[in-house]
Enquirer: 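One structure follows; several queries about it will come next.
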Amino acid sequence: MAKGTRYAKRSKKGQPLWLLAAAVAAAAALWGARALGILPEEGQPAGAPVSQAAQSAGETAPDGELRVWYFDVGQADSELIRLPDGTSILIDAGTSSTEDELIDELRSLGAETLDLVVATHPHADHIGGMAAVIDALEVEQVVMPRVSESDTPTTKTYENLLESIADKGLSVTPAEPGEVLLSGGGATLTVLAPNGEDYGDLNNYSVVLRLTYGEDSFLFTGDAEEESEQEILAGGLELASTVLKCGHHGSETSTSPAFLEAVSPQYAVISCGVDNDYGHPDSVTLEKLEAAGVEVFRTDRDGAILASTQGGGVTMTALGKTAA
Ligand SMILES: [Zn+2]
C-alpha cells in the first residue's frame, strides 16, 4: 500500500478504566497472560465455538470466484481471503504504520465486515495494525494461537489488540490443529498449526492455515519456522497447496526442503519490505523455490498480489507498487 496520510492516533479516551481492565482480563484469560499481571489464578477459557462463517453483506462474486489478496504492508504480513459469497477472512494486519491504508483497502474491497480475523502470532509486524482494524470494522470472530505463559508478550501492541477485542465484546478462539474454522460455499479453512505448547520463540506459535476451494488450495504460514514445519509434517494433515505464502518473510529458517516438497506449490508469495534490514527473502529460500520450479511473487517488488480462482486453477496478478 502507498504511504498515505497519517491520521491522528486512535484513542480510548472516555472509557471507564475499570471497564477496560475487566475487558482486557477477559480477553487475556485464554492466553494465561499472567505476564500482564491481570489474570486470576483460574482463568476460564473464553473461546467462542467455531461454527459456519456468518454471511457478510457487501460485495459478492457471483461468478464463483474466490480471491486472496497479499497486501503490500512493507516488512510485515497481511492477507485477505474473500469467498464468492462475500465472506471475508483477514489473516494478520501488518504494522501500525500501514493500518490506515489497510482499513481503507479493506473498505474499498467491500470487506466492511470481517467474518474471521486471524492473528497468526503476536509480533508487531503481524498484529500491529490489528487493533485499529478491529476498532474500525465489524468483526465476527478472532482466532489466535495459545501462547505459553513464559512466551506471552507484554508489549503495548499486544495489549492494544486485547483491548480492542474486548471493547468489541469479542472473545478469542484458540487455534487447534485439525480444526475447521470455516466451511461453506465450496471453501474449507483448516488449522494445521501450532502443534506445540511451548516454543520459546513466538514465530513457531504461528497459526498455519490451509484453504481449499475446488482443485485449488492456499497455505498461510505466518512466521512458522522449521520446528513447526516438522510438526505439521508429522501431523499428517493434507498439506499440498497451489499457493504457498512462505513462512517468516522468506527467511532461511522457514520453507525447509521437506516442507516445500510436501506443499509442492505452483506459486509462492513472499511478503517483505523493500531493502529490509533482515535480508528477507533469503537467497537460500529463493534458490530452493527456483529449484522446485515454483513461480515466486514478492510484495517488495510486485506490490500487492491477487490470487483468484473459480476452483480450477489459480490466476496470480501482481498489482504493482503504489507510488510512495
Ligand atoms: Zn513476521
Side-chain angles (χ1 to χ4, degrees), residues 1 68-81 89-99 101-102 117-133 142-147 151-161 175 191-194 196 199-209 218-229 231-232 243-256 259-260 263 268-286 289 296-305:
M1 260 170 289
V68 180
W69 284 267
Y70 302 84
F71 294 122
D72 180 13
V73 286
Q75 182 62 20
D77 248 34
S78 181
E79 297 97 40
L80 174 71
I81 301 166
I89 301 142
L90 182 71
I91 303 172
D92 289 335
T95 66
S96 58
S97 68
T98 53
E99 65 192 28
E101 293 92 330
L102 179 62
V117 171
V118 180
T120 61
H121 65 297
H123 270 156
D125 56 327
H126 298 255
I127 63 162
M130 197 171 279
V133 167
V142 178
V143 167
M144 292 173 75
R146 190 183 270 119
V147 174
D151 286 336
T152 297
T154 54
T155 59
K156 191 70 191 150
T157 304
Y158 184 56
E159 262 183 72
N160 284 345
L161 174 57
V191 177
L192 303 189
Y199 290 103
D201 163 15
L202 282 176
N203 285 347
N204 277 318
Y205 286 99
S206 288
V207 178
V208 175
L209 299 169
F218 299 81
L219 200 62
F220 302 93
T221 55
D223 280 355
E225 299 187 6
E226 188 167 0
E227 184 177 356
S228 174
E229 291 178 350
E231 289 170 347
I232 293 169
V243 184
L244 166 67
K245 189 212 72 80
C246 290
H248 198 199
H249 319 281
S251 160
E252 64 177 335
T253 54
S254 303
T255 320
S256 52
F259 188 76
L260 178 59
V263 178
V269 174
I270 295 172
S271 187
C272 62
V274 177
D275 296 330
N276 64 79
D277 296 338
Y278 307 92
H280 293 158
D282 237 293
S283 57
V284 177
T285 305
L286 294 174
L289 291 167
V296 176
F297 290 81
R298 297 169 51 166
T299 58
D300 61 337
R301 292 186 179 170
D302 300 318
I305 293 145

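Counting starts at 1 for both ligands and their atoms, in listed order. Heavy-atom basis, side chains included; hydrogens, waters and symmetry copies ignored.
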Enquirer: Side chain to side chain donor-acceptor pair (under 3.5 Å) with Thr157: which residues, sequence neighbours excluded?
Expert: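 Expected list: none.
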Enquirer: Going by distance alone, is a donor N or O of one side chain under 3.5 Å from an acceptor N or O of the other, for Tyr199 and Glu225?
Expert: no
Enquirer: Quick one: list whatever passes side chain to side chain contact (heavy atoms under 4.5 Å, CB included) with Ala93, sequence neighbours left out.
Expert: Leu90, Leu102, Met130, Val133
Enquirer: Is a donor from one side chain sitting under 3.5 angstrom from an acceptor on the other, for His249 and Asp125?
Expert: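 Present: a donor and an acceptor within the cut-off.
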Enquirer: Quick check for you: to the nearest 0.5 Å, what is the distance between Cys272 atom SG and Tyr278 atom OH?
Expert: 12.0 Å
Enquirer: Restricting to ring pair (Phe, Tyr, Trp, His ring centres under 6.0 Å), what partner residues turn up for His123, sequence neighbours left out?
Expert: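 Testing His123 for ring pair (Phe, Tyr, Trp, His ring centres under 6.0 Å), a comparison that skips the adjacent residues, returns His121.
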Enquirer: Mind checking how many protein N/O/S atoms fall short of 2.8 Å from the Zn ion (ligand 1)?
Expert: 4
